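Report on one structure; see the data block that follows.
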Amino acid sequence: MQRWPIGVFTSIDEGLGVHLDVAQELGIPTVQLHAPSRQLRTEAAADQFLQKCRDAGITVTAVFGGFAGESYADIATTAATVGLVPEATRAARVQEMKEISDFARHLGCDTVALHIGFVPEDTESSSYRDLIDVTRDLLDHVARNQQRLHLETGQETAEHLLRFIADVDRPNLFINFDPANMILYGTGDPLEALEKVGHLVRSVHCKDAKWAPEAVRGVEWGQEVPLGEGDVGIERYLRKLHQLGYEGPLTIEREIPQDRERQKADISHAVRLLTELRERILGAD
Ligand code: MG
């Protein structure tokens, strides 16, 4: 495959991301897929989706887990509802994530990913210890499917994510780096974070955002904006990925489901921007 193939975040039913026809229309060769709800995670549905991808010449590079009851309404709600961290739903979601791994295997996909949630800061707490245990259990299941698990960045600092990954201590745990999330959640400069975690990055999101005002950073969201218009510095970001030896897909993420037309236009613009930067950066090799 070409280095840095363009990608886009997609879903089958009500998940995040655009539907496959948008990727097809824009000629985007790879997608990450937000896992569909349980009734669509059958082998038959996987076969059907895979056939559509084949017809469109599209490769699925990762399947992202998502769960009923998650809400990104604001940072506090996200912390309370997202991923494997909330204790009340932890066991059920680990089970569901294993099913999502099985669904990804039916799609022939070697990567599953998720927002694990806000990893507890106290590494001595029982919640943190238990999160380590369930993540190991999940990773062993994922390994039996010959897959890796990528953790999405942003909900903790680069240092804390590295600490968590080291504590889990499994060879198939990596990172899906999202520079905009570091800004949206106020968890640190994305380029500095990338420098620290780069050796574990196996997939990336191309998304942009503006910092929240300093007084409310980390408490209130920053603002997600079209690629190239935010504080990430997309060219610097790609140059850093190049320097780190990253050659995988550049997966565009643009989460404005309330305006599908604008979403598509922004993605189309992002494709042009990334294609131009890829030529400028890789063309010089
Ligand atoms: Mg992302």
Side-chain angles (χ1 to χ4, degrees), residues 4-11 15-18 22-23 28 30-35 60-67 70-75 77-79 81-85 97 100 104 109 111-119 148-158 161 173-191 193-194 197-198 200-212 221-234 237-238 240-241 246 248-257 263 266-267 270-271 273-274:
W4 286 1
I6 310 288
V8 67
F9 199 81
T10 57
S11 57
L16 299 169
V18 296
V22 173
I28 297 175
T30 77
V31 296
Q32 288 186 345
L33 179 69
H34 197 213
V60 181
T61 60
V63 177
F64 263 73
F67 309 103
E70 291 187 322
S71 166
Y72 292 87
D74 52 51
I75 292 181
T77 308
T78 305
T81 65
V82 167
L84 305 183
V85 172
M97 197 60 209
I100 289 169
C109 184
T111 303
V112 287
L114 87 163
H115 269 291
I116 200 161
F118 286 62
V119 173
R148 305 172 304 203
L149 178 71
H150 296 185
L151 298 181
E152 173 95 350
T153 55
Q155 296 170 341
E156 45 281 309
T157 61
L161 185 62
L173 183 57
F174 294 98
I175 289 173
N176 182 84
F177 192 82
D178 186 327
N181 281 353
M182 309 296 302
I183 292 174
L184 289 168
Y185 289 91
T187 40
D189 178 82
L191 274 277
L194 181 55
V197 304
L200 292 171
V201 171
R202 292 291 183 280
S203 58
V204 302
H205 284 164
C206 291
K207 187 169 89 183
D208 213 341
K210 291 188 170 165
W211 294 100
W221 288 125
Q223 188 199 355
E224 194 198 321
V225 296
L227 201 70
E229 294 179 18
D231 294 324
V232 167
I234 299 303
Y237 174 50
L238 294 188
K240 174 58 74 180
L241 286 171
Y246 179 80
L250 302 177
T251 303
I252 298 161
E253 203 188 5
R254 180 72 175 120
E255 300 301 348
I256 44 166
Q263 185 182 36
D266 287 351
I267 291 169
V271 170
L273 176 63
L274 291 175

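Heads up: numbering here begins at 1 and tracks the sequence. In what follows, every heavy atom counts, from backbone to side chain, and hydrogens, waters and symmetry copies are set aside. Predicted model, so just to flag it, every value in this text is computed and none were measured. Note that ligands are numbered from 1 as they come in the structure, with each ligand's atoms numbered from 1 the same way.
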* Asked: How are the rings of F9 and H205 set relative to one another: parallel (under 30°), tilted (30 to 60°) or perpendicular (over 60°)?
  -> perpendicular

* Could you grab the distance from atom CE of M182 to atom CG of L191, nearest 0.5 Å is fine? => 10.5 Å

* Whether Y72 and H115 hold their rings parallel, tilted or perpendicular, with breakpoints at 30° and 60° -> tilted

* Give the C-alpha distance, both sets of side-chain angles, the deciding distance and a yes or no for ring-ring contact (aromatic ring centres under 6.0 Å, His included) between F177 and Y246. => CA-CA 11 Å; F177 192 82; Y246 179 80; 10.0 Å; no

* **Test side-chain contact (heavy atoms from CB on, under 4.5 Å) applied to A158 - qualifying residues, sequence neighbours left out** => A193, K196, V197

* Structure fact -> side chain to side chain contact (heavy atoms under 4.5 Å, CB included) with Q32: of T10, V60, N176, only one passes, and it is N176

* **Sub-2.8 Å protein N, O or S atoms surrounding the Mg ion (ligand 1)** => E152 OE2, D178 OD2, H205 ND1, E253 OE1

